[in-house]
Amino acid sequence: MPLSNLAVRDIETVAHPYTNLATLRESGPLVIERGQGVFVYDSNGKAYIEGMAGLWCTALGYGNEELVEAAAAQMRKLPFAHLFTAKSHDPAIELAEKLKEIAPVPTSKVFFCNSGSEANDTQVKLVWYMNNALGRPQKKKIISRHKAYHGVTIASASLTGLPNNHRDFDLPIAGVLHTGCPHHYRFAQAGESEDDFARRLASELESMILREGPDTVAAFIAEPVMGAGGVIVPPKSYFPEVTNVCRKYDVYMISDEVICGFGRLGTMFGCTALGFEPHSISVAKALTSAYVPMSAVTVPEVMYQAMLDESRKIGTFGHGFTYSGHPVAAAVALKTLEIYARERIAEQAAGKAPQFLARLSALGDHALVGEARGLGLVGAVELVADKATKRGFDAKAAVGARAVRFAEDEGLIVRFIAGDILSICPPIVITPAEIDELFDRLGRALDRTLDWVKRERLADGA
Ligand SMILES: Cc1ncc(COP(=O)(O)O)c(C=O)c1O
């Protein structure tokens, strides 16, 4: 099919994030024009179920007039104000109060940023700053995990544990370490139970801390359920085990709630679902249901006191973004949180999860699917060339990309991540009938992918 005028203009002008820039020149972009509910419509008017809630973020779906109104009202009243140099404004104050109230961890203050990456960069800087203030300047290393996703700015991309975010970017920076990924299907030893696997990972983390020297290790950061690394749900005992290790060596724990925060896993925050209490959380995405960019980091009292001491010593706290606590974003976030409370968003997700997970797990029987996994309303199917040996496809065959294209033909947007893994993360407001429709479309897309794999002779057994 010839490319549309818009597609040609896109190729000539837009430098796309997270896109194969070479194949984009042939295929062109999918140009989305509008959205309503869980559906988005392309520039030809074709409807798609947004099976990824955009990028794991539009929890309330599209066309929410309350959010539009909250933004418009704030724009009319005060479209911009900032928090620098002892200035403030109502929406930021109210939102900080609200986040303190609902945060799953004791929180003294809230620091606002604009993206998940900025939030996690801020986490790193605050930990460094705190440890300097506390007189332990050597305690600076941050431990993350292989396959983690924490963003793409220099520090957060370093925390990210995916090769593509490091290769040829000269990352990770010094002082960032990666420990094992809690994916039992891929990384457990033969015959190892989930609990034994979790215990081994915790013990590997402990060995890493001891090898580096506990007085040099500042923090451990983790997503409750890993998102972009493959929707990896850890064994139940993993976080309790890892928390014990962190507590033992005074390692500050950060829960990256950028995907899991605000109900996605059936609890308001992911750390609650996974059974651990970090020192701080990073939130973004669903904080505003992605209608405008905003993120935040919670600051515990001990860190705030250290920051205060630094100010007494050196004056201004030298960190902050022009748009930290932007009043329009804060107003939209406040309205979003009001809707979450009113509509019991976490209970909604918990209520819909059994159907979502049953339909997901049924895909585990498909000839192409090595593992179907998920929690709450987020899931993935991992495509393999051989189910028995778990052997994946040659990356060059781009099977995941092909499956995404078949899904789009069927009117469904899903994403391939970390190879041939298809992720599914619909708006939380999705209805039971729409969940069925989503999985019907995904099933047909997988069947078409299997036919194509057979035609291309990409899998001996398929
Ligand atoms: C868990 C997690 N942390 C951080 C980020 C980075 O957020 P952003 O793309 O807003 O910088 C993402 C983005 O997908 C994420 O999933």
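Because only heavy atoms are used, hydrogens play no part in the values below, and waters and symmetry mates are left out as well, while side chains stay in. One-based numbering, in listed order, for ligands and for the atoms of each. Residue indices begin at 1 and follow the sequence shown.
For a threshold of 3.5 Å applied to N or O pairs, the pair formed by G116 and ligand 1 contains at least one separation below that value. Considering backbone and side-chain atoms alike, D256 places an N or O below 3.5 Å from some N or O of ligand 1. Annotation: S117 places an N or O atom under 3.5 Å from an N or O atom of ligand 1; distance criterion only.
Those atoms of ligand 1 with a heavy atom of N120 less than 4.0 angstrom away are 3 (N), 4 (C). Those atoms of ligand 1 that come under 4.0 Å of a heavy atom in E223, given as number and element, are 1 (C). For ligand 1, the atoms sitting less than 4.0 Å from at least one non-hydrogen atom of S115 are 10 (O), 11 (O), numbered in the order shown with element in parentheses. Less than 4.0 angstrom separates some heavy atom of I259 from each of these atoms of ligand 1: 16 (O).
Residues Q74 and V332 are not in side-chain contact: their nearest non-hydrogen atoms beyond the backbone lie 4.5 Å or more apart.
Nearest-residue assignment for atom 13 (C) of ligand 1 (options M294, K285, E257, H150; heavy-atom criterion): K285.
When L171, D256, I254, V176 are each tested for a side-chain contact (heavy atoms from CB on, under 4.5 Å) with L159, only one passes: V176.
No hydrogens or angles considered: nothing links the side chains of K100 and T107 as a donor-acceptor pair under 3.5 Å. D121 and T153 share a donor-acceptor pair across their side chains, judged by distance under 3.5 Å alone.
Of the protein's heavy atoms, Y149 O, 3.3 Å lies nearest to atom 2 (C) of ligand 1.
The line from SG of C271 to CD of E223 is 13.0 Å long, rounded to the nearest 0.5 Å.
Around the CZ atom of R247, the shell of radius 6.0 Å holds more than 12 heavy atoms that belong to other residues, nucleotides or ligands.
Cation-pi geometry between R415 and Y18 is met: the NZ or CZ atom falls under 6.0 Å from the ring centre, inside 45° of the normal.
In L55, neither the side chain nor the backbone holds a heavy atom less than 4.0 Å from any atom of ligand 1.
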